[in-house]
Protein chains: 2
Amino acid sequence: MNRMTRTFTDAGVGIKDVAAAASVSTATVSRVLSGGSVSPALKERVEAAVRATGYRPNLSARRLRSKHSRTIGLIVSDIRNPFFTALSRSVEDVAFRSDMRVILCNTDESPEREAMYLRLMEEERVTGMIIAPTRQTADRIERLSFDFPVVLVDRTGPLGTHDAVVIDNLRATRQLIEHLVDLGHRRIGGIFGNTSSTAVERHEGYAAAMLSAGLTPEAHFTAPTIAGAATELARWLGEPDHPRAFIASNGLLLLGMVKAVRAAGLSIPADVTLAGFDNELWTELIGSGLSVIEQPIDEIGQSAMSLLFDRLERPDAPPRKMVLSGRLIERTASSPAEAEAPPPSDRN
Amino acid sequence: MNRMTRTFTDAGVGIKDVAAAASVSTATVSRVLSGGSVSPALKERVEAAVRATGYRPNLSARRLRSKHSRTIGLIVSDIRNPFFTALSRSVEDVAFRSDMRVILCNTDESPEREAMYLRLMEEERVTGMIIAPTRQTADRIERLSFDFPVVLVDRTGPLGTHDAVVIDNLRATRQLIEHLVDLGHRRIGGIFGNTSSTAVERHEGYAAAMLSAGLTPEAHFTAPTIAGAATELARWLGEPDHPRAFIASNGLLLLGMVKAVRAAGLSIPADVTLAGFDNELWTELIGSGLSVIEQPIDEIGQSAMSLLFDRLERPDAPPRKMVLSGRLIERTASSPAEAEAPPPSDRN
DNA sequence: GGGTGCCGAGAAAACGATTACATCTTGACG
DNA sequence: CGTCAAGATGTAATCGTTTTCTCGGCACCC
C-alpha cells in the first residue's frame, strides 16, 4: 500500500491465489465467477476469498481461453459529427447492458485508416462490427468475408451481403423538397457530401423530387465538412441569380450553410430558407426557416445491435436490411422573436 | 470462401500455421512480427507466409503473454457533451499514432456506473487511464491505488495524488466577469453544474471576481444538462427584477440558457447578455451577446496522454498538475443582422 | 589454432484463465 | 441392499502468443 517504489508491472493476484485462499480448485473459482453449479457453502467461501484478495479476472486470459471477446467494433468517420456521437452513445448503452465492450474507431473518411481498423477488428476477434463505411469501401466490404457478423449503418452498398440499418433517404428528401415547394419555393439548390453513399441517395431523392415537381435540380457536391459547405454556398450566393432555398445532406453541411448565409449578410427566414438532415441541438436556435429531417438515431443504434445479436444466433439467415424513416420537423414560424406559437398550417 | 454454412467460430490460422508454412519455429515468426533480429532470408520467408495465410495475430493471446495491453481507458460523463466529444477524439488520435486502443466509457455522472468502469479498467489491465471523475469519486479516486497510471482531466480532486490536466478556471471565470463588467453590467447571475469539481471552481472564480468588482454574486446550481439550465433560468427570468447578464459553467448549460431566453420571448443582445464556457459551434451562430471561454481541448487530450507516457517511464516522479488556460472570445458586435463586419475593438 | 563471445534459431515454459474429463458423493429406485 | 444417475469437485489440458533458455556456428583475437 505504502510502497516506496511503484512499477506498474505488479504480478497481481490470480485465480490460483483465490483458489488457495478459499481452499478450492481454480475450476471451482471459475465456476463461481461464471455462474456454474457449486454448492452454496463453497460459493460463499470463494466469494469471500475474492473480496479478501481483491481479485480481478484477467480479461485477456478469459478471452483467449473462452474464445469470446465480448467486444463489438464501431467504425465511423468522425465521432465529432453529432450523428455519430449519438449513434455511438446508443450502441454503447446497448453494449453496456449486454456486458460488452465497444471499440470506437474514427476513419476521417480515409480508406487506409479504415483498412487498418478492419484489420484491428480481426485481431481483436470482435464479436461483431458496426460500420458506416466510406463510399470506396462500401462496395469492397460487401465482397469481403469476415469471421464475425457485420452490420452497415447509415451508409450501405449495393449488394446487400451484410445486414444493414438505414433510413429511407429518398422518401425523406422528397418530404423535404415537397415541404419547401409548399412554402412556395421554385428554385431549390442542394449541397451534398461527396464521400458517403448516403449523400448519393439523398441527392437522388432530391433530383427525383425536383423533377416530379417540374423543377430543375441544381446540385453541388463537396467535402462533408462545415468549411466545405460554407465555401461552396458562399460562392453560390455570390452568383447574380441564385436560389433562395437550399438543402444540405447532413448536419455538418447545414451548419456550414448557415454560416455562409450569415457571412453574406443575409438573414435566414427573410432572405434565404434552409433545410436538411439531422435535428441537431443548434438547429432549434435558428428556429424559423430551418426545417430538418430528424433521424431516429437511438433506434438505428439499437437495431444495429439487434441485427448483430440475431446474426450470431443464425449465421445463415438471409441478410436483412432495416429501413427506418426520418421525421420532418417543420420550422416555419413567422418570426424568430415570437417563437413557440405553432403556425396554423403545421400538422405533425 | 464459398462455404454453405458460417459459424463465426472458425479456428482461424495461428502463428503455428505461419511457422509451418515458412518452415521455421513460432519463435521466429513472433520475432519477425515484433521486429526482433532475424536473418533477411527467413524474414522474407515469414512475411510471405503471413501474406499467404492471411494470418492475424490474436491480440488477447499477445496481451496475456506480453503483459502489455496497449489500451488506455477514457472515462467521461457523456460523450454527447461536445467538450468530451472533442476530448475523446483528441485522445484517440494520440493513441492511434502510438498504436494503442482506447476504451471509452460514459458514466452519466453515476458513481455506480463509474465504479463498474473502474473495475473494468483493472480487468482489462489497461496501460493507463484518463478520467473526468464525478465529484463524489474525485476525492475517492485520490485515495485509491491503481496498478496503472491515472490522469485526471477537466475535473480534479484536492489532494493531487495523480497527474492532472485542467484549465485555470478561476482566471477564466474572472476574465468572463471582467468582460461583462466592462460591458457595463452590474448584476450578473450565474448558473453552475452541481456534479463536477470544475463547476465548483468556476463558481468560486465567479464569486471572487464579483466581490472584487464590488458586486453581489447571485448563483444557482443545477443538474449539468440543457433542460436543467433551461428550467432554472426560466424561473429566474420570471422573477420581477432579474439580472440582464448571466454566465454558465459549461456549454450544455449555456445552450439551455439560450433556449430559456428565447422561450421567454427575449432576444439575446438586446434584452439579455450571456457568457460561458466552451466555444461550441453553435455559439458562433448567436454571435453578438454570447462571449465564451474557449478551452484548448486538443491540447488537454494530448497533454493527458503525455503525462500518462511520462508516468509509465518514471512511476515515482512526483505527481504533476498541468494548468492550461482558456481564451476569451469576445462577441459583442452591435447587431446580429449586420454580422461579420469585424467590430473595431475585436481582434481575432 | 584454440579459447571466447556473439548472434541467429529452435525447443519449451509461461501467461491466467476456461473447460473436458475423471472422480467421488449422494439419493432414488428396483 | 445394490445399482445407476446426477451433481459437485478436482486434475490437467488448452487457448495463441511471447520470452527464456539452450545450442550450434562463426568470426575474432592473441
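First the proteins, then the strands, lettered A, B, ... as listed; each starts at 1. Everything numeric here is computed off the predicted structure, so don't read it as measured data.
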Task: Considering all heavy atoms, the nearest P149(B)-R311(B) contact - done: CB-CG, 3.3 Å

Task: Side-chain N or O of K67(B) closer than 4.0 Å to phosphate OP1/OP2 of dT17(D) - done: no

TODO: Output yes when a side-chain donor or acceptor of T85(A) lies under 3.5 Å from a complementary backbone atom of N81(A), and no otherwise.
DONE: yes

Open item on the list: In this structure, how many angstroms lie between the C1' atom of dC15(D) and the CG atom of D17(B), rounded?
Closed with: 14 Å

TODO: Produce a footprint string for nucleotides 6-14 of chain C: one letter per nucleotide, 5' end first; B if the base is under 4.0 Å from any protein heavy atom, S if only the sugar-phosphate is, - if neither.
DONE: --SBBB-BB

- [ ] Would you mind reading off the bend of the helix from dG1(C)-dC30(D) to dG30(C)-dC1(D) from its two end axes, five pairs each, to 10 degrees?
- [x] 40°

- [ ] Please determine, by modelled atom types, if E114(A) and T107(A) share a side-chain donor-acceptor pair under 3.5 angstrom.
- [x] no

TODO: Drop me the distance from D298(A)'s CG to S303(A)'s OG, to the nearest 0.5 angstrom.
DONE: 10.0 Å

Open item on the list: What is the distance, to the nearest angstrom, from the CZ atom on R63(B) to the C1' atom on dC15(D)?
Closed with: 15 Å

Task: Whole-Å distance separating the CZ atom of R70(B) from the P atom of dT17(D) - done: 17 Å

Open item on the list: Would you say Y55(A) places a side-chain N or O within less than 4.0 Å of OP1 or OP2 belonging to dA17(C)?
Closed with: yes

- [ ] Would you mind reading off the distance between N58(B) atom CG and dT14(D) atom C1', rounded to a whole angstrom?
- [x] 13 Å

Open item on the list: Please identify which of these residues, L118(A), T71(A), V151(A), I103(A), meets the side chain to side chain contact (heavy atoms under 4.5 Å, CB included) condition with M129(A).
Closed with: L118(A)

- [ ] Run through V13(A), L33(A), V32(A), I15(A) and flag the one making a side chain to side chain contact (heavy atoms under 4.5 Å, CB included) with V50(A).
- [x] L33(A)

TODO: Check the distance between dA12(D)'s C1' and I15(A)'s CD1 and give it to me in whole angstrom.
DONE: 14 Å

Open item on the list: Expressed as a whole number of angstroms, how long is the span from E124(A):CD to dG16(D):P?
Closed with: 16 Å

Task: Gap between atoms CG and C1', on L59(A) and dC15(C) respectively (whole Å) - done: 15 Å

Open item on the list: Please determine whether a side-chain nitrogen or oxygen atom of S66(B) lies at a distance below 4.0 Å from atom OP1 or OP2 of dT18(D).
Closed with: no

Open item on the list: In whole Å, I'd like the distance from the NZ atom of K16(A) to the C1' atom of dA12(D).
Closed with: 12 Å

Task: From S196(B) atom OG to D154(B) atom CG, the distance as rounded to the nearest 0.5 Å - done: 6.5 Å

Task: Residue pairs fulfilling ring pair (Phe, Tyr, Trp, His ring centres under 6.0 Å) with at least one residue in residues 16-52 of chain B, sequence neighbours excluded - done: none

Task: Gap separating the OG atom of S306(A) from the CD atom of E299(A), nearest 0.5 angstrom - done: 9.5 Å

